[in-house]
Amino acid sequence: MSPMRYVDQLDVEGRRVLLRVDLNVPLRDGSVEDDTRILAVLPTINYILDNGGMAIVMSHLDRPGGKRVAGLSLRPVAERLSEILATEVTFVDEIVGPAATSAAERMRPGSIVMLENLRFDKGEESNDEAFSKSLASLADIYVDDAFANAHRSHASNVGVTRHMEECCGGLLMKRELKALEGALESPKRPLVVAIGGAKVSSKIDVLENLARVADRLLLGGAMAFPFLRAQGLEVGDERFDGAAEEKARRILESDAAKALVIPEDFVISTMDGGVETVAVSRMPDGAQPLDIGPRTIEQFVNEIKGAGTIVWNGPMGMFEKEEFSAGTRSIAKAIADASAFSLAGGGDTGSAVDRYELRQRISYVSTGGGAFLEKLAGRQLPGIEALEDPEFIRS
Ligand code: ADP
Ligand code: MG
């Protein structure tokens with residue numbers, strides 16, 4: 001593997017740049033509700049335009065399933081981007097085809113074109129060869145700035161690289177990889193990792209790697225359930241059970257177990273709809289543990305205070321409901337207050353960070369959800385490999 005190159009190492013002057021970004025933003029009533037993801041890719045877009053390049057921007061939006069879906073057009077995103085840049089953004093209402101080709105041909109240095117939602121074409125998600133080739137034919141250089149999509153093997157981030165002479169990462173990609181690699185490969189110790197949320201079956205595999213690299217691994221949300229069950233406690237229901245309990249047992253029996261910090265109390269919703277705080281050993285039958293309890297919060301906060309590096313993914317409880325939000329809010333605040341380098345990622349984790357208005361006080365909030373987790377798990381991401389593999393870079 002050769003190290004990845006980034007757009008600031010290439011000469012973009014007078015060249016067409018096919019730029020993959022993740023502008024999968026929430027829309028409401030036909031306009032952009034949250035422009036965080038647009039702002040995140042501005043450095044790359046500005047770099048290209050300011051250096052006399054031409055940017056052909058492409059993204060997916062939501063899950064149209066390979067066909068045109070009204071309401072999932074990228075047109076409102078192009079309009080918002082145009083407002084932010086204070087520059088005309090030419091929107092093409094197709095992805096590949098004669099209109100896209102002629103829009104690309106008419107470009108001048110400093111101009112910008114946005115293509116329609118990539119997932120309107122089924123060739124995107126199937127990583128179709130012909131579709132990849134058509135995308136590649138629009139430009140001279142390929143830049144991937146869609147870190148949040150890097151765990152996918154799609155035409156616009158993997159297939160296309162096989163048909164372009166020069167491929168590299170964008171400036172957001174660079175920041176994301178630096179933040180993640182910095183936190184995991186050479187962290188200031190102790191490295192404290194907090195994992196919560198509800199996607200137990202997909203996150204349990206991440207824990208196996210994290211338990212090895214972290215000095216302390218704080219387990220909140222439903223992620224704690226399989227560990228408590230493996231210790232013989234009836235916590236959570238079968239939805240959170242199955243193979244996860246077996247994997248939790250394996251981690252508990254390994255050397256990595258010494259890093260684990262498992263909740264000792266929870267805020268529960270009782271059978272009759274009440275809310276109570278109970279120790280894990282006194283969990284009543286049928287109770288739903290929906291937040292970590294005050295003793296656990298105190299313990300987690302202490303670990304965060306003593307950290308050299310902090311990584312956080314997954315809410316500590318069902319924070320969308322006020323009565324189950326104390327765990328997530330307290331942990332988020334403790335991370336923001338800490339002077340240690342802090343890294344947070346995950347869709348709902350990002351929402352929690354914004355709900356408590358802490359984005360500016362966390363060292364780095366990743367735009368990735370799935371990609372962030374897979375990287376934490378120590379896996380190679382196909383979108384990154386495609387950029388690193390020298391066979392794909394034929395300059
Ligand atoms: P992220 O998107 O940050 O990776 P997840 O998608 O795994 O996080 O989980 C987020 C969801 O987990 C939130 O909607 C939250 O309500 C839920 N959650 C957290 N703790 C619990 C719990 N103890 N029981 C049920 N749901 C929980
Ligand atoms: Mg989520």
Side-chain angles (χ1 to χ4, degrees), residues 22 24 26 34 36-37 62-63 147-149 151 176 180 193-207 210 217-229 233-241 244-245 248 262-270 273 275-278 280 283-284 286-294 296-297 300 310-332 335 342-356 358-359 362 364-377:
D22 186 334
N24 186 19
D34 176 351
T36 308
R37 286 191 162 170
D62 214 325
R63 297 167 184 260
F147 170 74
N149 200 53
H151 60 312
E176 294 273 7
L180 267 152
V193 179
I195 301 283
K199 285 179 288 185
V200 176
S201 52
S202 61
K203 291 188 185 181
I204 193 89
D205 294 325
V206 177
L207 293 186
L210 286 177
L217 181 54
L218 318 179
L219 294 172
M223 293 311 299
F225 302 172
F227 291 85
L228 291 162
R229 292 179 72 93
L233 292 155
E234 287 294 316
V235 178
D237 57 35
E238 62 282 358
R239 272 186 304 144
F240 297 121
D241 193 9
E245 190 179 323
I262 299 170
E264 47 183 293
D265 58 354
F266 280 102
V267 179
I268 62 168
S269 164
T270 57
V275 176
E276 277 174 35
T277 297
V278 292
V280 284
M283 201 72 73
Q288 295 250 43
L290 294 179
D291 194 13
I292 52 174
T296 304
I297 291 177
F300 283 13
I310 305 159
V311 175
W312 175 35
N313 164 263
M316 296 289 115
M318 201 180 265
F319 74 101
E320 298 89 343
K321 291 200 168 151
E322 180 58 32
E323 60 272 39
F324 305 114
S325 66
T328 304
R329 194 176 53 242
S330 308
I331 270 45
I335 294 172
S342 53
L343 173 61
D348 295 286
T349 306
S351 307
V353 166
D354 286 332
R355 174 174 294 225
Y356 308 122
L358 298 171
R359 189 171 282 269
I362 292 176
Y364 192 75
V365 182
S366 176
T367 56
F372 178 81
L373 278 171
E374 299 224 353
K375 195 78 185 144
L376 287 186

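Owing to the predicted nature of the structure, the values given are computational and were not obtained by experimental measurement. Just follow the structure's listing: the first ligand is 1, and inside any ligand the first atom is 1.
- At least one heavy atom of Phe225 sits under 4.0 Å from some atom of ligand 1.
- If you number the atoms of ligand 1 from 1 as listed, the ones under 4.0 Å from a heavy atom of Ala222 come out as 20 (N), 21 (C), 22 (C), 23 (N).
- Which of Val267, Asp348, Ile292, Asn313 comes nearest to atom 10 (C) of ligand 1 through a heavy atom is settled by distance: it is Asp348.
- Distances from atom 13 (C) of ligand 1 to the heavy atoms of Lys321, Lys199, Glu320, Met318 show the closest one on Glu320.
- At least one N or O atom of Pro289 sits closer than 3.5 Å to an N or O atom of ligand 1.
- Protein N/O/S atoms closer than 2.8 Å to the Mg ion (ligand 2), listed by chain and residue number, are Asp348 OD2.
- Residue-ligand proximity: Gly369 is placed with every non-hydrogen atom at 4.0 Å or more from ligand 1.
- The salt bridge (charged side-chain N to carboxylate O under 4.0 Å, His left out) search around Glu276 returns none, not counting sequence neighbours.
- Heavy-atom separations between Lys203 and ligand 1 include at least one value shorter than 4.0 Å.
- Screening residues 312-326 for side chain to side chain donor-acceptor pair (under 3.5 Å) gives Lys203-Asn313, Ser325-Arg329 as the qualifying pairs, with residues at least two apart or on separate chains.
- Residues satisfying the salt bridge (charged side-chain N to carboxylate O under 4.0 Å, His left out) test with Arg359, not counting sequence neighbours, are Asp354.
- With a 4.0 Å heavy-atom cut-off, ligand 1 is reached by no atom of Ala352.
- Between Ser202, Gly345, Gly347, Ala198, it is Ala198 that holds the heavy atom closest to atom 9 (O) of ligand 1.
- Residue Leu373 places no N or O, backbone or side chain, under 3.5 Å from any N or O of ligand 1.
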